Amino acid sequence: MTESNPIACLLVIGNEVLSGRTQDANIKFLATRLGEIGIPLREVRVIPDVKDTIVATVNEMRRKFDHVFTTGGIGPTHDDITSECIAAAFGVPWEPHPEAWGRLERHYKPGEFNAARQRMGTMPRGATLIDNAISIAPGFTMENVHVMAGVPRIMQAMFEALAPTLQGGPPIASRTVHANGVMEGRIAEGLADIQKRWPDLDIGSYPYYRMGGGGVALVAKGNDTEAVDAASAAITMLLRAIGSQPVQGEPPV
């Protein structure tokens, strides 16, 4: 796929993901929504709650990608260090954000806005808030770095608040054709020929396995809808040519 569109990276921050305790549920949502906006997700990294690692990775990625999204590590506990690490990455103070602090202070009952909760109102100097309609504590943006919660429901609310401000390109179109009983080895050569015919598209092959048998799902993706439709039609013809019964769309779960 050509990179006329801005491109994005996601940093999943949290020891709990690396340990296997928590299964990330944000990648699929962000990849899908960013594709709809026309900002393809090109890389995902999962990194620990370690200051030097977060700072170095944020600085590397923000120079490489048009947008960097982070999830996790902006809560009230001692291991929520993403916000202060972003401040260090940009070389600015980590200090109370007047608007974020005010929102939180008004949200909690007198005496409940304690030191731990005050951390959620402390941000890098110059941060722009990302609204949080679920639990009030906002995320924030620093230049091209967008810092959001790790809890999926909250992250999704934050992203929807942020999305109208993101400048994307043409939406990424995607078409899937699947066929039961087809092994990748039977269609690999033909699929490679289709990729050569449409070099600007992403053509992917994804085998699946079900109780009743397996098959393969073939995907054409790109920002030229007519080319995606044409490649999908060619994929369908390829599957028919080997005697299978192609079905439009993803295979049933």
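Every value quoted in this text rests on a predicted model; they were computed, and no experiment measured them.
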Identify every side-chain donor-acceptor pair in residues 230-244 under 3.5 Å, counting partners at least two apart or on other chains, and give the distances.
{"from": "Thr236", "atom 1": "OG1", "to": "Ser232", "atom 2": "O", "distance (Å)": "3.0"}
{"from": "Thr236", "atom 1": "OG1", "to": "Gln248", "atom 2": "NE2", "distance (Å)": "3.2"}
{"from": "Ser244", "atom 1": "OG", "to": "Leu239", "atom 2": "O", "distance (Å)": "2.6"}

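- Residues Phe65 and Leu10 form no side-chain contact, since every pair of their non-hydrogen atoms from C-beta on lies 4.5 Å or further apart.
- Each of Val216 and Val219 belongs to its own hydrophobic cluster when Ile, Leu, Val, Met, Phe, Trp and Tyr are linked at side-chain heavy-atom distances under 4.5 angstrom.
- Under a hydrophobic-cluster definition in which Ile, Leu, Val, Met, Phe, Trp and Tyr are linked whenever side-chain heavy atoms come within less than 4.5 Å, directly or via other members, Val145 and Val44 are assigned to the same cluster.
- Under a cut-off of 6.0 angstrom, the local environment of CD in Glu189 is sparse, with at most 12 non-hydrogen atoms contributed by other residues, nucleotides or ligands.
- Taking both residues in full, the closest heavy atoms of Ile74 and Met148 are given as CD1-C, 3.5 Å, listed atom of the first, atom of the second, then distance.
- Taking 4.5 Å as the limit, some side-chain heavy atom of Ser83 sits within range of a side-chain heavy atom of Pro124.
- Ionic pairing of Arg175 and Asp229 is present here: one or more N-O contacts between side-chain nitrogen and carboxylate oxygen are shorter than 4.0 angstrom.
- Clustering of Ile, Leu, Val, Met, Phe, Trp and Tyr side chains at separations under 4.5 Å places Met120 together with Trp101, Leu104, Tyr108, Phe113, Ile136.
- Two residues are said to be in side-chain contact when any heavy atoms from C-beta on lie closer than 4.5 Å; Asp79 and Asn15 fail this criterion.
- Side-chain atoms of Thr165 come within 3.5 Å of backbone atoms of Leu162 as a donor-acceptor pair (strictly under, hydrogens ignored).
- One finds a salt bridge joining Arg45 and Glu60 here, because a Lys/Arg side-chain nitrogen approaches an Asp/Glu carboxylate oxygen to under 4.0 Å.
- A donor-acceptor pair under 3.5 Å is formed between the side chain of Trp94 and the backbone N or O of Thr122.
- Under 3.5 Å, the side chains of Asn5 and Asn223 contain a donor-acceptor pair of N or O atoms.
- Residues forming a ring-ring contact (aromatic ring centres under 6.0 Å, His included) with His67 (at least two apart in sequence, or on another chain): His146.
- Under the 3.5 Å distance criterion, the side-chain polar atoms of Arg117 are matched with a main-chain donor or acceptor of Glu112.
- Annotation: side chain of Asp66 is not in contact with side chain of Asn144 (no heavy-atom distance under 4.5 Å).
- A salt bridge links Asp131 and Arg103; the closest N-O separation between the charged side-chain nitrogens and carboxylate oxygens is under 4.0 Å.
- Linking Ile, Leu, Val, Met, Phe, Trp and Tyr whenever their side-chain heavy atoms come within less than 4.5 Å leaves Val50 and Val46 in two separate clusters.
- Side-chain contact between Ile154 and Asn132 is present, with at least one heavy-atom pair separated by less than 4.5 Å.
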Residues 27-36, side-chain donor-acceptor partners within the protein, below 3.5 Å, at least two apart:
{"from": "Thr32", "atom 1": "OG1", "to": "Lys28", "atom 2": "O", "distance (Å)": "2.8"}
{"from": "Arg33", "atom 1": "NE", "to": "Glu160", "atom 2": "OE2", "distance (Å)": "2.8"}
{"from": "Arg33", "atom 1": "NH1", "to": "Glu36", "atom 2": "OE1", "distance (Å)": "2.8"}
{"from": "Arg33", "atom 1": "NH2", "to": "Glu160", "atom 2": "OE1", "distance (Å)": "2.9"}

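- Rounded to the nearest 0.5 angstrom, Thr141 OG1 and Met123 CE are separated by 10.0 Å.
- Taking 4.0 Å as the cut-off between side-chain N and carboxylate O, Glu16 and Arg21 do not count as a salt-bridged pair.
- Asp24 places no side-chain N or O within 3.5 Å of a backbone atom of Val12 that could act as its donor or acceptor partner.
- Arg153 CZ: 12 or fewer foreign heavy atoms inside a 6.0 Å radius.
- Taking 4.5 Å as the limit, every side-chain heavy atom of Trp198 sits out of range of all side-chain heavy atoms of Val228.
- Side-chain atoms of Thr53 never come within 3.5 Å of backbone atoms of Asp49 as a donor-acceptor pair (strictly under, hydrogens ignored).
- Scanning for side-chain contact (heavy atoms from CB on, under 4.5 Å) contacts around Asn59 gives Val55, Arg62, Arg63, Ala89, with sequence neighbours left out.
- Closest approach of Ile13 to Pro48, counting heavy atoms only: CG2-O, 4.1 Å.
- If you chain together hydrophobic residues whose side chains sit under 4.5 Å apart, Ile187 and Val247 never meet in one group.
- A donor-acceptor pair is defined here as one N or O able to donate and one able to accept, closer than 3.5 Å; such a pair exists between the side chain of Gln195 and the backbone of Ile203.
- Looking at Pro6 and Gln167, their side chains never come closer than 4.5 Å, going by heavy atoms from C-beta outward.
- When all heavy atoms are compared, the tightest approach of His178 to Pro252 is NE2-CD, 4.0 Å.
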### Message
Walk me through whether Lys51 and Glu84 qualify under salt bridge (charged side-chain N to carboxylate O under 4.0 Å, His left out).
### Response
CA-CA 9 Å; Lys51 181 177 180 179; Glu84 55 200 272; over 6 Å; no

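- Residues Val177 and Tyr206 fall into different hydrophobic clusters, defined by Ile, Leu, Val, Met, Phe, Trp and Tyr side chains chained together at heavy-atom separations under 4.5 Å.
- Remark: Ala157 engages Ile134 in a side-chain contact (heavy atoms from CB on, under 4.5 Å) (not counting sequence neighbours).
- For the pair Lys64 and Glu43, the salt-bridge criterion is met [side-chain N within less than 4.0 Å of a carboxylate O].
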